[in-house]
Every structure is written in structure tokens, then in C-alpha cells.
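Presented below is the structure to which this report refers.
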Amino acid sequence: MRSVVLAMLSALMCCLFSACTSYEINPSKNSGFENLLNSVVKIDVWEVSQKDGGSQTNRSIGSGVIMSEDGMILTNAHVANCYATQIVVTLANLERIRAKFVGWDHWTDLAVIKLDFDDIKKRNIKLNYAKFGDSNKLTTGEVVYAVGTPHGYARTATRGIISNTNRFFDGTILNSGYETGTFNTWIQTDAAINPGNSGGPLVLQNGDVVGINTRVHAQSNNLGFAVPSDVAKSVMKKIIENGVVERAYIGITPAPLQDMESFFDIDTNRGVLVQNVDALSPSDVAGIIAGDIILKINGKKIDGRFPEQIPSIMNMIANIKIDTEVEIELLRDGKILTKKLKTEKLESRVGREYALEKWGVGMRNITKSFAREAKIETDSRLIVVGVRSGFPFDNANIDRGDIIISINRKKIVNEQQLRQAYEDYCKNPKKILLEIMRDGSLSFVIITPTEK
């Protein structure tokens with residue numbers, strides 16, 4: 001009996017010892033993790049935006065990680081984007097270096113900035129840079145660390161586990177209106193992610209970057225989400241090469257077929273439901289309608305039973321060459337139909353905003369997507385989104401939603417033409433005749449210079 005008890009105690013001690021040693025390797029003893037810590041940076045961003053017809057500059061902080069020897073930094077699009085006027089990076093050694101904006105992809109909430117390498121060489125600063133791990137190999141329960149600058153506290157690491165490797169949701173970036181989540185699923189973790197952590201890496205114990213920390217679930221303390229490294233690696237490469245990530249668009253919103261197969265009389269794991277078709281989009285012109293079930297795209301079978309499968313379908317469409325013909329096989333009312341359409345370049349519904357100070361007006365570029373949605377039937381891509389009280393546009397009773405059509409009877413359709421007219425006005429302020437469209441009707445107003 002005694003020998004049995006001793007054997008059981010010995011086995012128990014072995015299990016405990018094994019659990020303790022396998023649960024966590026002290027990352028501070030790991031050269032890879034130390035290198036990662038030296039690669040994580042604090043990012044201070046000064047960003048210009050328009051508000052009520054005027055410009056304002058806001059300062060924010062975020063995190064990033066150096067991913068190349070020439071100082072390319074990966075971060076979030078809501079940390080650094082095309083509105084940034086100044087970017088200052090604080091390295092692990094507390095040196096501050098200016099950086100420039102390279103490009104962003106709001107669809108995945110990722111951006112790339114580049115350190116001033118001439119300054120780095122001049123000051124003889126040694127850079128550490130991290131490497132990507134394989135997010136496809138992650139498993140639920142695996143130990144990870146979120147590293148970044150929460151609330152401005154640089155080089156902070158919090159420990160947690162992978163809670164889910166394939167979480168799906170889409171939405172917008174910080175209420176900006178810019179779409180995100182359409183082309184990727186998310187890594188869910190319970191490692192603490194706080195304001196300022198955005199753009200920092202989610203890493204393994206050896207320092208490999210398996211995600212970019214992006215968001216948390218509101219009203220929770222342990223629901224954080226990161227963009228998987230397999231997505232981040234591809235997006236970063238395309239931004240560095242082209243400044244943007246171009247994707248094809250056909251104008252559908254897909255939805256999972258889960259639990260609806262019997263209603264549509266279709267086999268399980270076959271097809272994806274068309275939830276919505278954008279007006280005047282390629283799919284709309286081709287005759288695809290909401291309720292259709294797409295079975296094949298260019299002969300490739302589609303399986304969209306679950307929400308987590310939607311991003312891969314959207315990526316399949318996005319990776320088709322722009323301005324090429326696509327064949328869609330679909331099921332409608334029990335009949336198989338074939339539709340052909342031509343892809344377009346994907347655009348956000350949110351256009352770039354800017355302010356023309358002396359006129360006291362905030363403008364937004366109208367994208368093709370927004371024009372279709374709002375049923376705007378004019379070539380002009382210039383809509384008023386803010387007016388400053390007491391300035392020329394306000395005095396002329398210009399309002400939000402008005403579209404600028406012409407200035408002094410000269411047609412104006414884009415930002416470049418509008419800025420040229422504004423610069424001419426600034427050099428020689430005088431009355432101008434402005435043609436606007438409001439609620440589909442055209443009218444003329446006089447813009448009169450003020451003393452402001």
C-alpha cells in the first residue's frame with residue numbers, strides 16, 4: 001500500500017513539475033523576446049482634420065513594431081494615416097526619431113511608417129527589428145504577450161492566451177466611417193490591451209509577431225483582438241511596394257448560409273448567400289439580386305456556410321484583376337443561372353476631408369461608392385461637410401450636403417480643381433459666382449470676401 005501511495009505522489013509531483021515548466025518560459029531570459037522588446041516603439045502623431053469648416057490638429061499616441069532593417073514600422077491605420085502631418089517615434093533606447101507616412105489600408109486597419117534613416121545613421125543608432133511568426137499555426141490556449149504603449153507607458157508587456165484563432169466581425173474604425181474587418185478574421189486574446197496599445201505586436205514567447213493589436217470589446221476587460229500576422233505580412237508588403245492595397249470590387253455583401261440550407265433547398269457547405277447588392281454596381285448591372293446564392297466564381301466552388309468563411313470569399317473576389325470579366329454561377333428559385341460582370345477598383349464610401357480656411361468650408365471627396373449609395377447624379381465629387389459661422393460660405397447660406405458644381409461658370413469636379421480656384425481667390429479675394437446642387441436642384445450664390 002505504501003509503495004502505491006509513493007508511486008502516486010511521485011506521479012503527481014512529475015505532473016506538477018511538468019505543468020509548471022511547460023506553462024511558461026520566462027521571456028526575459030529569451031534573446032528573441034528581448035529583441036522584440038527593443039523593436040517595439042511609441043508613436044506620437046499629429047493629425048489634421050476639418051471641423052465645422054476649419055482645420056484642427058489633434059495629437060494621439062499609439063504603438064508600432066519595427067519590421068525591417070531599414071526602419072519600416074507596422075502599426076494601425078487608426079494610429080497613423082494620410083491625415084498625419086507629423087510623426088515622432090520613440091525607440092526602446094528613448095531616442096526620438098521622425099518618421100514619414102508610407103501608406104495605409106483601413107480595410108485591415110493597418111499602416112506603415114518609415115523612420116528617418118539618414119538621422120539614424122547620423123546619430124549612429126542601432127535598430128532592432130522583429131520577425132513575423134505564422135498565425136496559421138496558433139492554437140487556442142497558447143501563451144502570448146501584447147507589447148506596446150498603453151496609456152503612454154512604453155515597452156509594456158501583458159501576458160495572456162489565445163482565446164480564439166478565427167473570430168469574425170466587421171465594422172468601422174473608431175467611428176470614422178472607414179470600413180474594416182471585411183477581408184480578415186481576428187485573433188482573440190485575453191492579454192490586456194488598453195488605449196495606446198493599438199498597433200503594437202501580439203507575440204509568442206520567442207518574440208515572433210503573430211498579430212497586430214487593434215481593438216478591444218467595449219465594456220469588457222479581457223476581450224482583445226489582433227490582425228493575424230499572415231494578413232499583416234501581406235498588407236505590409238503591398239503598402240511598401242505600392243503605397244496602397246488595391247482590391248477588386250463587384251458590389252455584393254455576402255452572408256453565411258448557416259441554418260438556411262433547408263429553406264433554400266441546397267446542400268450543406270455549398271454556396272454563399274447574397275445579402276445585399278450595391279446600386280449600379282457591377283453585380284447590380286449584371287442582374288444579381290439579394291437572395292441569390294453564389295455557387296461558383298470563375299468556376300471555383302464557394303463555401304460560405306459560416307461567418308468565419310466570409311473574409312476568404314471576399315479575398316477571392318478582391319484578388320481578381322481589376323477591370324476583368326468574372327463569371328458567377330448562382331442559384332435562384334431552384335434554377336442555376338450564369339452571370340458575367342466586370343470588376344471595378346474597390347473604394348471606401350468615405351472620401352478624404354479637408355478645410356479651405358478663408359472660405360470657412362470643410363469638404364469631402366465623394367467616392368463612387370458614396371455617390372451610388374446617395375444617388376448623386378453629377379460629375380462633381382465635392383460635397384460640403386462643414387461650414388464655419390461668419391465666413392464667406394456661411395454668409396452665402398451654403399449648408400452641409402451641398403455639392404459644388406462650378407465656380408464663375410467654370411465646371412469644378414475634383415479636389416485639385418477646387419484647390420486651384422481657392423488659391424486664386426486667396427491671391428486676389430473678390431466676389432465669385434458659385435453653382436451648387438442641393439437635393440438634386442441647381443442654384444447660384446455669390447461668395448463675398450470677409451475681413452476674417
Side-chain angles (χ1 to χ4, degrees), residues 44-60 80-88 98-104 113 176-178 243-244 347-368 370-371 374 376 378-452:
D44 287 271
V45 180
W46 286 260
E47 184 178 293
V48 67
S49 62
Q50 85 78 32
K51 183 178 180 181
D52 299 329
S55 294
Q56 64 175 17
T57 299
N58 300 308
R59 182 181 178 182
S60 61
N81 53 57
C82 61
Y83 293 104
T85 57
Q86 182 180 349
I87 303 174
V88 177
R98 288 187 178 273
K100 69 175 183 179
F101 174 71
V102 177
W104 68 322
I113 62 176
S176 66
Y178 282 107
V244 297
E347 288 186 5
S348 171
R349 66 178 304 279
V350 182
R352 179 180 172 84
E353 292 188 2
Y354 52 94
L356 304 175
E357 297 277 354
K358 291 189 176 181
W359 279 345
V361 62
M363 301 296 303
R364 176 186 289 171
N365 295 332
I366 299 173
T367 65
K368 183 182 291 186
F370 180 80
I376 296 173
T378 175
D379 292 334
S380 175
R381 291 296 176 254
L382 304 165
I383 190 168
V384 175
V385 290
V387 180
R388 178 166 288 189
S389 177
F391 280 72
F393 268 54
D394 177 54
N395 295 337
N397 295 319
I398 304 295
D399 205 355
R400 292 179 180 85
D402 290 347
I403 298 172
I404 295 177
I405 302 298
S406 69
I407 295 178
N408 290 336
R409 295 192 177 278
K410 182 180 179 181
K411 191 175 182 181
I412 301 290
V413 298
N414 58 43
E415 179 182 347
Q416 183 180 358
Q417 293 173 332
L418 181 62
R419 285 189 182 275
Q420 184 60 58
Y422 175 70
E423 289 173 8
D424 293 342
Y425 170 90
C426 292
K427 292 175 184 176
N428 182 24
K430 60 182 180 180
K431 291 183 178 181
I432 59 174
L433 180 67
L434 189 73
E435 183 183 9
I436 63 167
M437 175 180 284
R438 179 180 296 174
D439 298 328
S441 298
L442 298 175
S443 61
F444 290 89
V445 296
I446 299 294
I447 302 296
T448 304
T450 65
E451 297 299 322
K452 296 184 179 183

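The analysis underlying the following values was restricted to heavy atoms, covering all of them including side chains, and did not include hydrogens, waters or symmetry mates.
Using a distance-only test at 3.5 Å, with no hydrogens or angles considered, no donor-acceptor pair links the side chain of S380 to the main chain of I405. Within the 3.5 Å criterion, the main-chain N or O of G351 finds no donor-acceptor partner in the side chain of T367. No donor-acceptor pair closer than 3.5 Å links the side chain of Q56 to the backbone N or O of K51. Listed for the N408 side chain is a donor-acceptor partner under 3.5 Å among the backbone atoms of L433.
Looking at L356 and Y425, their side chains never come closer than 4.5 Å, going by heavy atoms from C-beta outward. Side-chain contact between L442 and M437 is present, with at least one heavy-atom pair separated by less than 4.5 Å. Side-chain atoms of M363 and I404, non-hydrogen and from C-beta on, do get closer than 4.5 Å to each other. For the pair W46 and V88, the minimum side-chain heavy-atom distance is below 4.5 Å. A 4.5 Å side-chain heavy-atom check between F444 and R409 finds at least one atom pair inside the cut-off. The side-chain heavy atoms of I376 and K368, taken from C-beta on, include no pair separated by under 4.5 Å.
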Step by step, would you call K411 with D379 a side chain to side chain contact (heavy atoms under 4.5 Å, CB included)?
CA-CA 9 Å; K411 191 175 182 181; D379 292 334; 3.0 Å; yes

Start with the C-alpha distance between V445 and I398, add both sets of side-chain angles, then the distance that settles side chain to side chain contact (heavy atoms under 4.5 Å, CB included), and finish with yes or no.
CA-CA 8 Å; V445 296; I398 304 295; 3.6 Å; yes

After noting the C-alpha distance and the side-chain angles of D44 and R59, does the key distance pass the salt bridge (charged side-chain N to carboxylate O under 4.0 Å, His left out) rule?
CA-CA 7 Å; D44 287 271; R59 182 181 178 182; 3.0 Å; yes

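Residue N58 qualifies as enclosed at atom CG: its count of foreign heavy atoms under 6.0 Å is above 12. By the neighbour-count criterion of 12 heavy atoms within 6.0 Å, atom CZ of R352 is densely surrounded, having more than that number from other residues, nucleotides or ligands.
Legend: residues meeting ring pair (Phe, Tyr, Trp, His ring centres under 6.0 Å) with Y422, ordered by chain and number and at least two apart, are W359.
When each of E423, Q417, E415, Q416 is checked for a side chain to side chain donor-acceptor pair (under 3.5 Å) with R419, only E415 meets the rule.
For S55 and E357, the side-chain atoms include at least one donor-acceptor pair closer than 3.5 Å.
A355 and G54 get closest at one heavy-atom pair: CB-C, 3.7 Å.
Between the CD1 atom of I447 and the CG atom of L434 there is a distance of 5.0 Å, given to the nearest 0.5 Å. The distance from the CG atom of N414 to the CG atom of N365 is 8.0 Å, given to the nearest 0.5 Å.
Evaluation of the side chain to side chain donor-acceptor pair (under 3.5 Å) test over residues 426-438, restricted to residues two or more places apart or in two chains, returns D402-R438, S406-E435.
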